[in-house]
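Shown next, in structure tokens, is the structure this report addresses.
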There are 2 protein chains.
Amino acid sequence: MATGRTHRPATRSRGIPEATVARLPLYLRALTALSERSVPTVSSEELATAAGVNSAKLRKDFSYLGSYGTRGVGYDVEYLVYQISRELGLTQDWPVVIVGIGNLGAALANYGGFASRGFRVAALIDADPAMAGKPVAGMPVQHTDELEKIITDNGVSIGVIATPAGAAQQVCERLVAAGVTSILNFAPTVLTVPDGVDVRKVDLSIELQILAFHEQRKAGEGAAAEAASAAERGSAVGAAEVDAADADADADVDAPEADSAAANRKGPDGDVPAVMPA
Amino acid sequence: MATGRTHRPATRSRGIPEATVARLPLYLRALTALSERSVPTVSSEELATAAGVNSAKLRKDFSYLGSYGTRGVGYDVEYLVYQISRELGLTQDWPVVIVGIGNLGAALANYGGFASRGFRVAALIDADPAMAGKPVAGMPVQHTDELEKIITDNGVSIGVIATPAGAAQQVCERLVAAGVTSILNFAPTVLTVPDGVDVRKVDLSIELQILAFHEQRKAGEGAAAEAASAAERGSAVGAAEVDAADADADADVDAPEADSAAANRKGPDGDVPAVMPA
DNA sequence: ATTTGTGAACGTTTTCACAGCA
DNA sequence: TGCTGTGAAAACGTTCACAAAT
């Protein structure tokens, strides 16, 4: 009981599980597409396929919202679009600020899907004085000095951080102090925030590393899981450029090792006795 | 038993839970920072704080990798960096292609963290002939016609899709047919892939919607959950611009409704008798 | 004296399978 | 007959709490 409180104690919604909330936008997107094609009703099976989940999960998810379907028929598309939008809070308009107008920030500012559903870019903010006044996505970039005023004047409660990692925590603190209570963080760093502030993180590098993990497992799948050359699968592969990688990957040694008590370290269960580098 | 197989049946790793895999990059990042500061050892408590998790979880996670710590002391930083890198497959080099060099694709190409850990941008690909040959991030953009050849020649197994939603599925299919088995999808659409191909999705719009959900709950927290004006919390808020939003949010009506059997729909438990729009 | 590693308890999420309703 | 809504079961993930190790 050292620290006591967990990082996000109040994640439990007014009934709706977090996992369900995370899928609602998916359903909404699928439903919107159906709505545009003027499809009047949809079954859980069809909608689930469109959203990339299975139908039992979808029905369970919807059951947390209420009984919005009709047995034997399915769901009314327009009605569900409205109910989910409402549940997600998209029937109101959310002004958003983007801080850090580099490559990524500019890309986000230009991203169309932003404005589509209740979100409105209220301001673009950057620390570089040379950026100030420059138009990005048809909007003048404002200097960080204005941050607090912008947040307050526009009633912004959602902030997007697209700064370098080093600046992120400080920007975060200023946003929070000015009244922002939800942050979407693109900087590759862990943000520390007070209770009551939500942070979601988008991290390219982490996603790639997770993919690499699975990719590696695929490669060592049929083989004896050793001498992992960059074996590709599916179709023919030349691999006529990855030799440097091979030199790295082949070796089961070459681990950095520091000092003292390096004895009796063991890997998982029945594997090789573990990598014991010099 | 209609469809039968789940979407990703073989997610279960050789022991390591998916949730743990998703955190390993976080630990790795924290450890790398410690390594750069020449910190020799670290306790689970310290490392957990740096990574933004709790120490019990971290220890459990590490226990799936093996016994790499020393009781009474902690973990050797360099050694752990190596072990996690190895587990994630980062001791080898992963050539990656980025398809779709718009704002976002260009931002990704310029993203430094890309090259840092085992990933190397092997090619930038775009469907626009006008883009072909143009340098982005010091690299000439190649035309989509070359896609298959690029994948094959470079032994690419990881592809990043940053195209518009409409093009994503088709690009995905070409990537997979050419030998790519892991895809990072930035397009706001559900990709359908054959078994054995991993897809991870990064979706700005979904993240914002999840934040909006929680933001909405915060607003209606103290109040009677009705007449939800855009009440902000924490510090003073002018809200001198969000009036349009208020008009939308106040109303508990205004739901679109289609046709027939709209009777006896009920919301969750003891709520208002449900929104019954005209 | 500390701190890891891990069974056991607990909580959450997914899946199953079918009753209930149109 | 067809499809939703939901208890019950299973799978998965997190936290607790302490024995084992140094």
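Every chain is numbered from 1 and lettered A, B, ... according to where its sequence line falls, protein lines coming before strand lines.
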query: Name the one of B:H214, B:E215, B:Q216 that satisfies side-chain hydrogen bond (donor to acceptor under 3.5 Å, both in side chains) with B:K218?
result: B:E215
Whole Å only: how far is the [atom1] atom of [X] from the [atom2] atom of [N]?
X     : N      : atom1 : atom2 : value
B:E46 : C:dT2  : CD    : P     : 14 Å
A:F62 : D:dC3  : CZ    : P     : 16 Å
A:E18 : D:dG13 : CD    : C1'   : 15 Å
A:R71 : C:dA19 : CZ    : C1'   : 8 Å
B:E45 : C:dT4  : CD    : P     : 8 Å
A:L58 : C:dT14 : CG    : C1'   : 13 Å
A:D61 : D:dT6  : CG    : P     : 13 Å
B:K57 : D:dT14 : NZ    : C1'   : 6 Å

message: Using heavy-atom distances to pick each residue's nearest nucleotide on DNA chain C, tell me which of A:V73 and A:K60 is more 5'.
response: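 Taking each residue's closest nucleotide, the earlier one in sequence belongs to A:K60.
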Taking 4.0 Å as the cut-off, does a side-chain nitrogen or oxygen of [X] come that near to OP1 or OP2 on [N]?
X     : N      : value
B:Y75 : C:dG5  : yes
B:N54 : D:dT14 : no
B:S44 : C:dT4  : yes
A:R23 : C:dT14 : yes

query: A:Y79 and A:Q83: side chain to side chain donor-acceptor pair (under 3.5 Å), yes or no, with the steps?
result: CA-CA 6 Å; A:Y79 189 69; A:Q83 289 300 343; 3.2 Å; yes
message: Can you list everything that forms a side chain to side chain contact (heavy atoms under 4.5 Å, CB included) with A:V42? Sequence neighbours excluded, please.
response: A:L31, A:L34, A:E46, A:L47, A:Y75, A:V77
query: Judged by modelled atom types alone, do B:E36 and B:T32 share a side-chain donor-acceptor pair under 3.5 Å?
result: no
- request: Would you please say whether a donor-acceptor pair under 3.5 Å links the side chains of A:S205 and A:Q209?
  value: yes
query: Given D:dG7, C:dG5, C:dT4, which nucleotide is nearest the side-chain atoms of B:S43?
result: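 Of D:dG7, C:dG5, C:dT4, C:dT4 is nearest to the side chain of B:S43.
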